[in-house]
Amino acid sequence: MLFLVHMIVNIPKDLPKDVAQEIIAKEKAYSQDLQRSGKWPHLWRVVGEYANYSIFEAESNDELHDMLSNLPLFPYMEIKVTPLAKHPSAI
């Protein structure tokens, strides 16, 4: 199953910079592992925002929820998930 996921990151201004940098480094490693595994095949930055649009491939809603909730930045994100289906005109 494919899912379009919009993530907006809101790191609190009062979070110590070294803590934020550590979380961001963990986020990068985790996200790249998911990309290498094929579970996160597309990732696009939203210009001018700390946000992205991504395509995830998951076997179920629960698997997607697990992937997203394990993101180190998850506590600081607003996430919108849209399940996708094949369009009848797609070739």
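- Looking at heavy atoms from C-beta onward, Glu57 lies in side-chain contact with Leu2 at the 4.5 angstrom threshold.
- Note: the hydrophobic cluster containing Tyr30 also contains Leu73 (ILVMFWY, side chain heavy atoms under 4.5 Å, direct or indirect links).
- Summarising the geometry, atom NZ belonging to Lys17 is positioned 9.5 Å from atom CD1 belonging to Ile24; distances are rounded to the nearest 0.5 Å.
- Using a 4.5 Å cut-off on side-chain heavy atoms (C-beta onward), Glu27 and Val9 make no contact.
- Around the CD atom of Glu49, the shell of radius 6.0 Å holds more than 12 heavy atoms that belong to other residues, nucleotides or ligands.
- Both Trp44 and Leu4 belong to a common hydrophobic cluster when Ile, Leu, Val, Met, Phe, Trp and Tyr are linked at side-chain heavy-atom distances under 4.5 angstrom.
- Nearest heavy-atom pair across Pro12 and Tyr76 is CD-CD2, 3.3 Å.
- Between His65 and Phe74, the ring-plane angle classifies as perpendicular under the 30° and 60° cut-offs.
- Between the side chains of Trp40 and Ser31, no donor N or O sits under 3.5 Å from an acceptor N or O.
- We find the NZ-CG distance between Lys13 and Leu15 to be 11.5 Å, quoted to the nearest 0.5 Å.
- Taken to the nearest 0.5 Å, the OH atom of Tyr50 stands 8.5 Å off from the CZ atom of Arg45.
- Using a 4.5 Å cut-off between side-chain heavy atoms of Ile, Leu, Val, Met, Phe, Trp and Tyr, with links allowed through other members, Leu68 and Met77 fall into the same hydrophobic cluster.
- Residues Gln21 and Asp18 fail the side-chain proximity criterion, which asks for heavy atoms closer than 4.5 Å.
- The two residues Phe3 and Ala58 make their nearest non-hydrogen contact at CE1-CB, 3.9 Å.
- Contact of the Ile23 side chain with the Ile11 side chain is not registered, since no non-hydrogen atoms from C-beta on lie closer than 4.5 Å.
- Taking both residues in full, the closest heavy atoms of Pro41 and Ile55 are given as CD-O, 3.1 Å, listed atom of the first, atom of the second, then distance.
- Cluster membership for Leu71 and Val81, using ILVMFWY side-chain heavy atoms within less than 4.5 angstrom, is shared.
- In this structure, CE in Met67 is found 6.5 Å from CG in Leu34, a value given to the nearest 0.5 Å.
- Applying the salt bridge (charged side-chain N to carboxylate O under 4.0 Å, His left out) test to pairs two or more places apart or on separate chains, those with a residue in residues 61-88 are Lys39-Glu63.
- A distance of 10.0 Å separates OG1 of Thr82 from NE2 of His6, quoted to the nearest 0.5 Å.
- Val46 and Ile79 fall into different hydrophobic clusters, where Ile, Leu, Val, Met, Phe, Trp and Tyr are joined by side-chain heavy atoms under 4.5 Å apart, directly or via other members.
- Leu43 approaches Ser54 most closely through the heavy-atom pair CD1-OG, 3.1 Å.
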